[in-house]
Amino acid sequence: MKTYVVGGAVRDELLGLPVQDRDHVVVGATPEEMVDIGYKPVGQDFPVFLHPQTREEYALARTERKSGRGYKGFTVFASPEVTLEEDLRRRDLTINAMARDESGNLIDPYNGQRDLEAKVLRHVSEAFAEDPVRILRVARFAARFADFNIAPETMELMRGMVNAGEVDELVPERVWQEISRGLMEKRPSRMFLVLRECGALKKLLPEVDKLFGVPQPPEYHPEIDTGLHVMLVLDWAAQQLFSLPVRFAALTHDLGKGATPQELWPKHIGHEAKSVELVRMLSERIRVPADCRDLAIAVARDHGNVHRALELRSGTVVELFERVDAFRRPERFMEFLRACECDFHGRPGYESRPFPEINYLQQALALAQGVDAGEVAKRVDPARIKEAVFQARAEAIAAWRQREG
Ligand code: CTP
């Protein structure tokens, strides 16, 4: 029995990156032998074991053969006769198909190291096509390794898989899992551009795909194209290391622009309400968690008001705070502002332009929070408390504005 470190750990070590988890492949053993020497079986679908001390994963070398459509349609074949090369061959990318033996020698039958140096994401073999999740993985790796290119033959293969209907079978949870991981990478725009290039975006996130080719007014949007704008917004969010909810809100804030009738272009009056509806549908479809969904809805609905904040009447500002639940959840309100900030800066020439609306709304919130609702309640009849508190908050903001000129 021989064990090898494989996959991401070998890749990341060669790239000089910190290694998170180490996966191992075991050649020449049966499940029974693994259990006899103390490994704990954990795999439901695959023969995978945990090392009794290190708790690292050890999988028996295996081949997989496609037996049906989509993600679940596999037959796994593991036996002591399966070689390391056979196991590496069924993996997704050459850069993920390298192994290191126990003496530290690199085993690289599919030239992963060469591709790593040339910065190429290339599939190992036609077995790639057996798992449609790999389309999302390639897109995600493109977002992580932003200076890597996808080999033309791999892009071709992915296109063929999309045309064959493979991505239609992906389970929603898996789609969100990969998309959310890709959103957290260094250059999330690349994930969406790669998915678009192979045709998968249209199937998985048609609402996002539709934004490409939709113009916006050049006076506010020098980039013109809505899809491009959203990509800039996302990458700006990633540069600031903003959270997943902020990045998801950045991705979806303008979905409504894809639904504007062409004769109204480049204007998008009322796109906010349409965005809200589309965010809801998309979130439902791919099971987006509530924190991401709710922030995205708030940002879709109210980003226009944040951009206009300095012109809003103080009562309208308090209404905005109430809609976004800023009094009860000030931290979430900060996330909301961050997403709007990304929207502002995600335009050519706006990257380092000041956006005073953020500071203004934060100060206005602090003043409104400073109103002592208990005190106000003592002064008015019980039926009018809500209204009086609202009034006192609006007045606090108005008085400050007057003082500041
Ligand atoms: N793998 C694959 N096809 C998949 C999933 C995984 O071929 N659909 C293989 C790849 O060889 C990969 C390894 O299994 O390197 C481990 O998978 P995983 O831990 O998901 O990915 P990593 O490459 O380690 O990437 P990350 O750094 O994102 O964890």
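Order of listing sets the numbers, starting from 1, for every ligand and every atom in it. The shown structure was predicted, so the numbers you read here are calculated from the model rather than taken from an experiment.
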Test ring-ring contact (aromatic ring centres under 6.0 Å, His included) applied to F344 and H303, step by step:
CA-CA 9 Å; F344 177 80; H303 62 275; over 10 Å; no
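- Atom 3 (N) of ligand 1 has R134 NE, 3.0 Å as its closest protein atom, hydrogens excluded (heavy atom only).
- Checked options V162, L201, V175; the residue passing with V167 is V162 (criterion: side chain to side chain contact (heavy atoms under 4.5 Å, CB included)).
- Classification of the H51-Y58 ring pair by plane angle, with boundaries at 30° and 60°, yields tilted.
- Close approach of ligand 1 to R144 (heavy-atom distance below 4.0 Å) involves ligand atoms 26 (P), 27 (O), 28 (O).
- Here the side chain of R313 pairs no donor or acceptor atom with the backbone of A398 at under 3.5 angstrom.
- Distances below 4.0 Å separate heavy atoms of G8 from the following atoms of ligand 1: 15 (O), 23 (O), 24 (O).
- Of all heavy-atom pairs between D225 and G213, the closest is OD2-N, 2.6 Å.
- In this structure, L116 and F148 have side chains that are in contact, with non-hydrogen atoms separated by less than 4.5 Å.
- Heavy-atom proximity to G7, at under 4.0 Å, picks out these atoms of ligand 1: 15 (O).
- Scanning the protein for heavy atoms near atom 13 (C) of ligand 1, the closest one is R91 NH1, 3.5 Å.
- The shell of residues lying under 4.0 angstrom from ligand 1, judged by heavy atoms, includes R140.
- When only interatomic distances are considered, the shortest N/O to N/O separation between D21 and ligand 1 does not fall below 3.5 Å.
- When only modelled atom types and interatomic distance are considered, T94 and D115 share a side-chain donor-acceptor pair under 3.5 Å.
- Contact atoms of ligand 1 toward F141: 23 (O), 25 (O) (distance under 4.0 Å to a heavy atom of the residue).
- Looking only at protein heavy atoms, the nearest one to atom 7 (O) of ligand 1 is D92 N, 2.8 Å.
- The closest non-hydrogen atom to atom 11 (O) of ligand 1, taken over L93, D131, N96, D23, comes from N96.
- For atom 29 (O) of ligand 1, the closest heavy atom belonging to the protein is R181 NH2, 3.6 Å.
- Across R137, R90, R11, heavy-atom proximity to atom 12 (C) of ligand 1 is greatest for R137.
- In terms of heavy-atom proximity, A368 sits nearest to F327 at CB-CE2, 3.7 Å.
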